[in-house]
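Chain letters run A, B, ... following the sequence lines, proteins first, then strands; residues in each count from 1.
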2 protein chains.
Amino acid sequence: MDPIGAPPGPLTPTVGLRPPERSDAARNRELLLTTARRLIEGDGIESLTMDGLAAACGVGKGTIFRRFGSRAGLFQALVDDSERSFQAGFLSGPPPLGPGAPPIERLVAFGRERLRTAAGQIPLLRAAERPAAERYAVPARHLAAAHIRGLLAQAGVEGDAPALAFDLLAILDSVVWLPDEDLTVMLPRIADSWEHIVRRLA
Amino acid sequence: MDPIGAPPGPLTPTVGLRPPERSDAARNRELLLTTARRLIEGDGIESLTMDGLAAACGVGKGTIFRRFGSRAGLFQALVDDSERSFQAGFLSGPPPLGPGAPPIERLVAFGRERLRTAAGQIPLLRAAERPAAERYAVPARHLAAAHIRGLLAQAGVEGDAPALAFDLLAILDSVVWLPDEDLTVMLPRIADSWEHIVRRLA
DNA sequence: AGTGCAACCGGACTCCGGTCCGTTTATTCC
DNA sequence: GGAATAAACGGACCGGAGTCCGGTTGCACT
């Protein structure tokens with residue numbers, strides 16, 4: 001059930017540093033991801049089945065589940081690239097997203113950038129949805145929450161920083177579930193209201 | 001796929017007033033709901049299968065899906081009772097939740113009451129989760145959003161009321177996905193931070 | 001090169017949500 | 001009461017996610 005051999009990075013803070021992937025496994029991972037991308041591009045996410053992907057790769061279904069743990073895990077892996085570059089952006093990129101700008105400006109930029117990133121891959125993010133128990137127990141989320149907490153603290157925002165960080169993250173996450181027809185009109189407005197709320201808290 | 005014959009009420013604003021349920025159908029609806037409640041109490045939601053429920057009721061599986069449309073729909077129906085009483089509370093109950101209190105106080109009470117209601121039935125709410133497309137296209141959500149918009153307007157809160165309402169609802173919805181072990185410690189803090197945010201907006 | 005072993009692979013199998021359609025039953029109108 | 005009709009019923013059936021385990025293969029060590 002647990003995916004194994006994931007590449008390292010802020011997204012997956014490999015604590016117990018596992019032994020590296022075997023070369024055939026790495027090759028299959030790449031093959032699966034690129035093939036999945038191709039199939040999705042052609043027919044959409046809905047119609048991608050694990051059997052289908054396995055067949056298209058000339059691989060057994062067990063291989064997919066060994067690598068990614070679940071259907072959702074596969075899509076998570078597809079999202080990881082942009083997730084990592086987003087993380088790099090707010091951890092060490094140029095201001096106002098990265099260090100150097102005042103904390104409130106960074107927080108505003110963080111929200112806007114997150115919304116922009118999410119908007120570009122909503123079907124993928126929906127398909128990467130985990131069941132309840134794991135949903136919030138994910139490294140990427142912890143990192144984002146810690147970042148927000150830190151900025152709130154730096155800005156001297158009063159109140160319960162962890163709880164506020166949770167609330168703010170909830171706002172950013174929720175756009176994934178906007179009905180498609182509302183997306184184009186609501187996204188910029190939600191970005192603006194994010195800024196509004198953040199500044200009000202300061 | 002579509003559930004039919006649902007009882008009327010603010011939760012399901014029956015516009016085209018459908019013909020009433022046939023009596024056998026109503027009996028089966030009741031039987032299914034009470035049996036489902038009993039089975040859940042015994043073994044938890046996870047282990048309730050539609051085949052199992054059908055068998056326990058001495059009913060065909062088709063009957064369940066005709067009534068509730070999907071597994072999620074069944075759990076939605078189980079949640080509807082408390083949902084309706086929550087709606088009654090903020091639409092016409094006593095202040096500060098109902099009419100009569102200042103809008104900001106009502107908004108604070110709304111959030112606290114919603115969180116309390118949700119906390120009492122988190123497993124049910126998780127199981128009632130709809131797939132992406134329908135998630136936000138639900139009468140109960142529209143009603144809640146409209147209510148928040150109205151209160152924001154009454155309070156003279158500046159900013160984009162629909163977008164703010166969306167953001168605020170996102171906060172309330174997100175507690176459902178808190179990992180169980182964080183729930184008891186985080187819930188009251190999230191309630192407080194709700195109040196904090198709402199007052200900051202005013 | 002040879003060997004031991006852990007990791008990997010494949011695909012048949014299980015389980016469950018959801019559909020379909022022939023049959024049964026409540027209701028309505030004579 | 002009896003016939004006509006629409007709704008409800010039941011359970012066989014289907015598709016797809018996830019599991020399992022016997023067989024295979026890369027890798028480290030000698």
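Classification of B/R149 and B/D160 as a salt-bridged pair fails, no side-chain N sitting under 4.0 Å from a carboxylate O. A/D173 and A/R135 are not joined by a salt bridge, as no carboxylate oxygen comes within less than 4.0 angstrom of a charged side-chain nitrogen. Looking at B/D182 and B/R189, no side-chain N of the basic residue comes within less than 4.0 Å of a carboxylate O on the acidic one, giving no salt bridge. The pair A/R200-A/E195 does not meet the salt-bridge criterion, since no charged nitrogen lies less than 4.0 angstrom from a carboxylate oxygen.
For the pair B/R66 and C/dC20, the criterion of a side-chain N or O lying under 4.0 Å from OP1 or OP2 is not met. Contact annotation: B/R29 does not reach the phosphate of D/dA8 (side-chain N/O to OP1 or OP2, under 4.0 Å). Between B/N28 and D/dA8 there is no side-chain polar atom (N or O) within less than 4.0 angstrom of OP1 or OP2.
Between A/F110 and A/F90, the two ring planes are perpendicular [angle over 60°; tilted spans 30° to 60°].
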Are there any protein N/O atoms within less than 3.5 Å of an N/O atom in nucleotides 27-29 of chain C, and if so, which ones and at what distance?
| unit_1 | atom_1 | unit_2 | atom_2 | d |
| --- | --- | --- | --- | --- |
| C/dT27 | OP1 | B/S23 | OG | 3.3 |

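Counting non-hydrogen atoms of neighbouring residues, nucleotides and ligands closer than 6.0 angstrom, the CD atom of A/E41 reaches no more than 12 such neighbours.
Between the C1' atom of C/dG17 and the CZ atom of B/R130 lies a distance of 14 Å, rounded to the nearest Å. For the pair B/R71 CZ and C/dC15 C1', the interatomic distance rounds to 13 Å; values are reported in whole Å. In this structure, the CG atom of B/L74 is 16 Å from the P atom of C/dC16, given to the nearest Å. When rounded to the nearest whole Å, the span between CZ of A/R27 and P of D/dC27 equals 8 Å.
Residues from residues 45-63 of chain A with heavy atoms under 4.0 angstrom of DNA chain C, sorted by number: A/G58, A/V59, A/G60, A/K61, A/G62, A/T63.
Here the side chains of A/I190 and B/D167 are in contact, with some heavy-atom distance below 4.5 Å.
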**OP:** Test salt bridge (charged side-chain N to carboxylate O under 4.0 Å, His left out) on A/R116 and A/E113 and set out the steps.
**Re:** CA-CA 5 Å; A/R116 181 167 37 246; A/E113 181 63 20; 2.7 Å; yes
